[in-house]
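Just so it is clear: chains get the letters A, B, ... in the order the sequence lines come, proteins before strands, and each one is counted from 1.
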Number of protein chains: 2
Amino acid sequence: MPKRENISMSVIRRLPRYYRFLNQLKRDGVTRISSTELSGKLGLTASQIRQDLNCFGGFGQQGYGYIVEQLAAEIGHILGVEHNYRTVLFGAGNLGRAIAAHMNFEQLGFELIGIFDDAPQKIGTVIRGMEVLNTACFENFCKEKKPEMAVLCIPRTAVEATVDRLYPLGIHNYWNFSHYDINMKYPNAVVENVHLNDSLLTLCYCISNAPEAQKPQKVQI
Amino acid sequence: MPKRENISMSVIRRLPRYYRFLNQLKRDGVTRISSTELSGKLGLTASQIRQDLNCFGGFGQQGYGYIVEQLAAEIGHILGVEHNYRTVLFGAGNLGRAIAAHMNFEQLGFELIGIFDDAPQKIGTVIRGMEVLNTACFENFCKEKKPEMAVLCIPRTAVEATVDRLYPLGIHNYWNFSHYDINMKYPNAVVENVHLNDSLLTLCYCISNAPEAQKPQKVQI
DNA sequence: TAGATTGTTAATCGATTAACAATC
DNA sequence: TAGATTGTTAATCGATTAACAATC
């Protein structure tokens, strides 16, 4: 794959979805698929799928289509799922515990190597067989384990101080569940935000402004 | 606000962010703001902000700007935060418990009125002062409480059957944490997806493809 | 070979930005 | 009134779709 420059975010955000569907097809025993078939399953145009894939290289065969297993592997490689970036999680509250327990980090390019909190009642508790460590010990942990990414499940108010501490330790990549905007202060940090509040408000808008036919008040049980 | 038709998703997805920033300004005691000032804080162009707001009406005063409190209220109203849609949550696993405990549903247009699971060891446990109920009892619950939205924190494999059950009961709105695509079978359902796996994979791509200067291997502790 | 389907270029569509007249 | 800033129209930019030649 020689091209790959200035790929737009629109394209990038579709890749995980392609990857997911292709892996499902693989599990279902499908060996070969055309862009038209795939477009039906994904609800996109065949043209868009071909355009997207050709940002990274020509993975298909003219007149034949794409080999499912090969294409899945290519996209996995493009995403970088083989990297297993060493990851720490900050905040062992409800959300942090859920994320630690729920996510298959290993299949998604990361390896969870430590969970940190500063509340005494949380330190020492176990999540997914991993003991929650005291945030105070992070510098020592860091020297030995050299984490590359941090998941932030801490309150908005605590994020700035935490990033001020992690960034100089070489942790420049963040999966951020707070609404604090890390890139304001650290424009070079690589940040993926999960804004659950915004997502819920978007749903609220869509419900409130759905065509009349779908309005809840019209519904009968 | 007379206009409001065919608002693009791009605009809608920016509204929660405007709402969030305006509420913060309100808390900070700011009474007045211009589109230019706001654009600086949000990292958007002033033009875009004015365009976005004018999809819904003219909320500013020429030569003066926008009154923070008033604009926040207007956007809240556009989003529909006052609706308090009656909400049930399915799946009291790690993620479901975290979402139930973590989200301020009341401030975001929803009211959580029930949590359901079918695992005996979960039924009867308490989350946020609310007892987890047996999924088997849902029809009865529904007759009395008439829920309008469902949060789905159940495994992908269980979603289809659950929606098959909920949709005919009049629940057409979903906050979906699984990767099952509800709109395939129910095109009229109003669905907001939270795809945590896709988000993490996107981060993986961004880390793997960041400019050399940011690559983790170059970092010194 | 004929049929199918890609890779890629060109056309269209939509979203963002710029400009400026209206007006507070 | 003069200065500022909106609301809105026009220009630009980017993303999606359509078309088709290349080729398996």
Nucleotide pairing, DNA chain C (Watson-Crick or G-U, distances under 3.5 Å), in dot-bracket with [ ] and |: ..||||||||||||||||||||||
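- The shortest side-chain heavy-atom distance between B:Leu200 and B:Asn197 does not fall under the 4.5 Å cut-off.
- Atom CD1 in B:Ile33 sits roughly 13 Å away from atom C1' in D:dT5 (whole-Å rounding).
- Rounding to whole angstrom units, OH of residue B:Tyr66 and P of D:dA4 are separated by 18 Å.
- Ring geometry for A:Trp175 against A:Phe177 counts as perpendicular: the plane angle is over 60°, on a 0 to 90° scale with 30° as the lower cut.
- Nucleotide D:dT6 holds its C1' atom 11 Å from the CG atom of B:Leu53, rounded to whole Å.
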Hey, mind stepping through A:Leu108 and A:Leu79 against side-chain contact (heavy atoms from CB on, under 4.5 Å) and telling me if it holds? CA-CA 9 Å; A:Leu108 303 163; A:Leu79 290 167; over 6 Å; no
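- Between B:Tyr167 and B:His172, the ring planes lie parallel to each other; the angle is under 30°, not in the 30° to 60° tilted range.
- Side-chain N/O atoms of A:Glu192 and B:Thr202 include no donor and acceptor closer than 3.5 Å.
- For the pair A:Ile67/A:Thr31, no side-chain contact is recorded, criterion being any heavy-atom separation below 4.5 Å from C-beta on.
- Aromatic pair B:Phe59/B:Tyr66: centroids not less than 6.0 angstrom apart.
- When each of A:Gly60 and B:Tyr64 is assigned the nucleotide of DNA chain C with its nearest heavy atom, A:Gly60 is the one assigned upstream, toward the 5' end.
- Across the protein-nucleic acid pair, B:Gln61 atom CD and D:dG3 atom C1' stand 15 Å apart, rounded to whole Å.
- Listed by residue number, the members of residues 23-32 of chain A with any heavy atom below 4.0 angstrom from DNA chain C are A:Arg32.
- Ring geometry for A:Phe138 versus A:Phe90: interplanar angle over 60°, hence perpendicular rather than tilted (30 to 60°).
- Rounded to the nearest 0.5 angstrom, B:Arg128 CZ and B:Leu89 CG are separated by 10.5 Å.
- Taking atom CG on A:Leu38 and atom P on C:dA4, their separation rounds to 20 Å, with Å as the unit.
- Regarding B:Ile49, its CD1 atom lies at a distance of 14 Å from the P atom of D:dT5, rounded to whole Å.
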Its contact letters, B for base, S for sugar-phosphate only and - for none at protein heavy atoms under 4.0 Å, make nucleotides 13-22 of chain D read --SSBBB--B
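- Applying the side-chain contact (heavy atoms from CB on, under 4.5 Å) test between B:Asn193 and each of B:Asn176, B:Asp198, B:Leu152, B:Asn183 identifies B:Asn176 as the sole match.
- Residue contacts shown for B:Ser35 are limited to sugar-phosphate atoms, with no base heavy atom under 4.0 Å away.
- When only modelled atom types and interatomic distance are considered, A:Ser208 and B:Tyr85 share a side-chain donor-acceptor pair under 3.5 Å.
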